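Have a look at the structure below, then the notes.
In this chain, numbering begins with 1 at the start of the sequence shown. Note that this is a predicted model, so its numbers are computed, not measured. For the numbers below, each heavy atom of this structure counts, side chains included, while hydrogens, waters and symmetry mates do not. For ligands, and for the atoms within them, numbers begin at 1 and follow the listed sequence.
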Amino acid sequence: MLPHEISNKPYAQSSEENKFVILQAIQGFLTERSSVLEIASGTGQHAVYFAEQMPHIKWQTSDLTDAHAGIKQWIADSDLNNVLPPLCLNVSENDWPATRYDALFSANSFHIMSKSNVEDLFAHLSQVLNANGLVMIYGPFNYNGQYTSESNARFDDWLKQRNPHSGIKAFEWCNQLAEQAGLNFLEDIEMPQNNRLLVWKI
Ligand SMILES: C[S@@+](CC[C@H](N)C(=O)[O-])C[C@H]1O[C@@H](n2cnc3c(N)ncnc32)[C@H](O)[C@@H]1O
């Protein structure tokens, strides 16, 4: 594989830094499962790393079309056959696949999405998850109307200046949407740098 400096692939330092701890948090949930739909794959770095580390999983990438070229480059350079080229999937459009998966994973997407995007994502879960399907969402969340850190508060300000519809979402609100979608809350795992991994099961 070419190093990112000369291969022109999109590269997110944050994905390199958090991929190991995310893998540690999600892999226990996936030992008996064989397919994952990733929403908002971004550069594709997480997908390639997780697919490599969990060869029994078929990892389906997806994102808005602009991200596809980069994801395809990461997949092509990986030589893996268990990571699938990106679906064009805007959670608020009619893009949702007809296929069902054993789990849905998304990292660092809820604070970028609008509230209605997140509502749309939860509303479509029952359509793409198999029985016993899991939902695993990584990123920052607020609790009881409070930020979990000063740095998350500053991050939220920055997000809202870029796009007033973006911003860190409340755990309680997400959990309510999950319950309305027929999911049961399973775990809320504390992650480094004031992030969480939220897990629900259908
Ligand atoms: C901060 S990036 C996170 C990327 C990657 N998951 C990671 O952890 O590095 C946010 C991603 O959300 C995607 N996104 C934003 N709005 C979306 C929508 N409505 N539907 C699907 N993906 C969306 C963006 O294209 C972008 O790839």
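- Using a 4.0 Å cut-off between heavy atoms, A12 makes no contact with ligand 1 at all.
- Atom NE2 of H56 has more than 12 heavy atoms from other residues, nucleotides or ligands within 6.0 Å.
- With a 4.0 Å heavy-atom cut-off, ligand 1 is reached by the side chain of H46 but not by its N, CA, C or O.
- For the residue pair D95 / N90, no side-chain donor-acceptor distance below 3.5 Å is found, with atom types taken as modelled.
- Using a 4.0 Å cut-off between heavy atoms, I112 contacts ligand 1 through its side chain alone, with no backbone atom that close.
- For A67, the closest heavy-atom approach to ligand 1 does not fall below 4.0 Å.
- For the pair W74 and T43, the tightest heavy-atom approach, listed with the atom from each and the gap, is CD1-O, 3.1 Å.
- Under 4.0 angstrom from ligand 1, the non-hydrogen atoms of N108 come from both its backbone and its side chain.
- Using a 4.0 Å cut-off to heavy atoms of L89, the atoms of ligand 1 that qualify are 20 (N), 21 (C).
- Between the side chains of N18 and H46, at least one donor-acceptor pair of N or O atoms lies under 3.5 Å.
- Those atoms of ligand 1 that come under 4.0 Å of a heavy atom in S15, given as number and element, are 9 (O).
- Centroid-to-centroid, the aromatic rings of W173 and F110 stay 6.0 Å apart or farther.
- Using a 4.0 Å cut-off to heavy atoms of A40, the atoms of ligand 1 that qualify are 4 (C), 5 (C), 6 (N), 11 (C), 12 (O), 13 (C), 22 (N).
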